[in-house]
Amino acid sequence: MRYIIISDIHSNLEALQAVFEDIGKVSPSDKIVCLGDVVGYGPNPNECVEFIAERTNFTIMGNHDHALLGLTDLEYFNPPAAYAILWTQDVLTDQNRKILETYQISVRENHILFVHATPKDPLNWDYISTPADAIYHLKDMTEPISFIGHSHIPVYYALDRKNRLIEERKDAFTLQIRNGFRYIINVGSVGQPRDRNPSAAYAIYDLDKKRVEVRRVPYDIQTTQQKMRKVNLPVFLIERLSRGI
Ligand code: ZN
């Protein structure tokens, strides 16, 4: 079986559709998982919430989804992000808000932990940006693999059998999972990549081959930007999409 793992869509329908075209045929044994931040930043929150609800096996709660529901204070967000959350609160339908309420904080299955931000205390919304952050979370992990999103930057950290840290930061990569190692794998962002590659990112984990692949998919950024201009979303949020920052 395969897990197809998407994260940080941020109301970007063009990027989401391009990723699903790239995924192509999904077999009945595959599972599609979303690691959260379905909304925030972009122009199509309702379309993205519905698209994901129809296709995923489960969705994890992201900090933007949480803030949209009024559960995380907006003071934790920079002004353009907070503005986009308020705009989204205005346009999101009640029905789609109810879908957001069903998002889960974490899911454990098949010896994998799925969370949005970090394996420990996922609701603190901390970032794993340094080797020290990664070791802090890896050392107490009960599952050998944790898939995360949140930073919008694809990267993996591993602890080998002697607890030595391995780090690989690349816009796309293939990773062979080894017995006795522990991994935190960030699948990157579908709708707002921040690693200077503007193409959408997502991951496929093939459990039989024990292989993780992070893929990049170009999409029609200009259409998304036009839609954002039309509804007066902040210029910074519009411009960052073409630069992947
Ligand atoms: Zn995000």
Side-chain angles (χ1 to χ4, degrees), residues 5-16 18-19 33-45 47-49 51-52 56 58-89 92 96 99-100 103-106 114-119 121-129 133 137 146-155 169 171 184-203 214 216-217 219 221 224 228 233-234 236-241 243-245:
I5 307 152
I6 61 171
S7 190
D8 296 272
I9 292 81
H10 287 296
S11 306
N12 186 334
L13 186 63
E14 286 70 34
L16 183 60
V19 161
V33 171
C34 174
L35 300 183
D37 276 3
V38 175
V39 300
Y41 297 134
N44 286 117
E47 294 80 355
C48 289
V49 170
F51 189 102
I52 284 169
T56 56
F58 59 83
T59 297
I60 302 292
M61 179 82 75
N63 53 318
H64 287 251
D65 312 317
H66 208 244
L68 184 120
L69 294 172
L71 301 170
T72 287
D73 203 288
L74 284 182
E75 73 179 41
Y76 293 104
F77 293 84
N78 63 46
Y83 180 91
I85 288 166
L86 291 170
W87 177 83
T88 306
Q89 282 175 339
L92 199 73
N96 286 336
I99 294 178
L100 257 66
Y103 292 176
Q104 300 176 68
I105 304 304
S106 62
F114 298 94
V115 287
H116 181 69
T118 61
D121 306 318
L123 287 173
N124 283 350
W125 311 120
D126 292 330
Y127 287 91
I128 297 178
S129 342
D133 300 336
H137 289 279
S146 179
F147 283 103
I148 65 168
H150 195 41
S151 72
H152 300 202
I153 295 174
V155 56
R169 222 171 252 276
D171 63 345
I184 291 175
I185 303 162
N186 192 315
V187 303
S189 167
V190 170
Q192 195 203 75
R194 294 181 190 159
D195 60 345
R196 298 188 180 277
N197 177 347
S199 294
Y202 77 101
V214 169
R216 300 308 284 260
V217 188
Y219 72 95
I221 296 172
T224 310
M228 290 171 82
L233 282 161
F236 168 66
L237 299 181
I238 298 171
E239 288 180 348
R240 70 189 302 180
L241 291 182
R243 293 190 286 155
I245 58 165

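In each ligand, atom 1 is the first atom listed, and ligand 1 is the first ligand listed. This is a predicted model, so every value here is computed, not measured.
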Checklist entry - Checking only N/O/S atoms, does His152 have one that is under 2.8 Å from the Zn ion (ligand 1)? => result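 An N, O or S atom of His152 is closer than 2.8 Å to the Zn ion (ligand 1), so yes.
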
Next on the checklist: For a distance under 2.8 Å, tell me if His116 has an N/O/S atom near the Zn ion (ligand 1).
Outcome noted: no

Checklist entry - Between Phe114 and Phe58, how do the two ring planes meet: parallel, tilted or perpendicular, split at 30° and 60°? => result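 It falls in the perpendicular class, over 60°.
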
Item to check | Aromatic plane relationship, His64 with Phe77 - under 30° parallel, 30 to 60° tilted, over 60° perpendicular | outcome: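 Taking His64 first and then Phe77, their aromatic rings stand perpendicular (interplane angle over 60°).
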
Next on the checklist: Of all the N, O or S atoms in Asp8, which has the shortest distance to the Zn ion (ligand 1)?
Outcome noted: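 Nearest N/O/S atom of Asp8: OD1.
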
Checklist outcome for this item: Among the N/O/S atoms of Asp37, the Zn ion (ligand 1) lies closest to OD2

Item to check | side chain to side chain donor-acceptor pair (under 3.5 Å) partner of Asp195, the single match among Arg216, His152, Arg169 | outcome: Arg216

Checklist entry - More than 12 foreign heavy atoms under 6.0 Å from OH of Tyr127: is that the case here? => result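 Result for OH/Tyr127: enclosed.
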
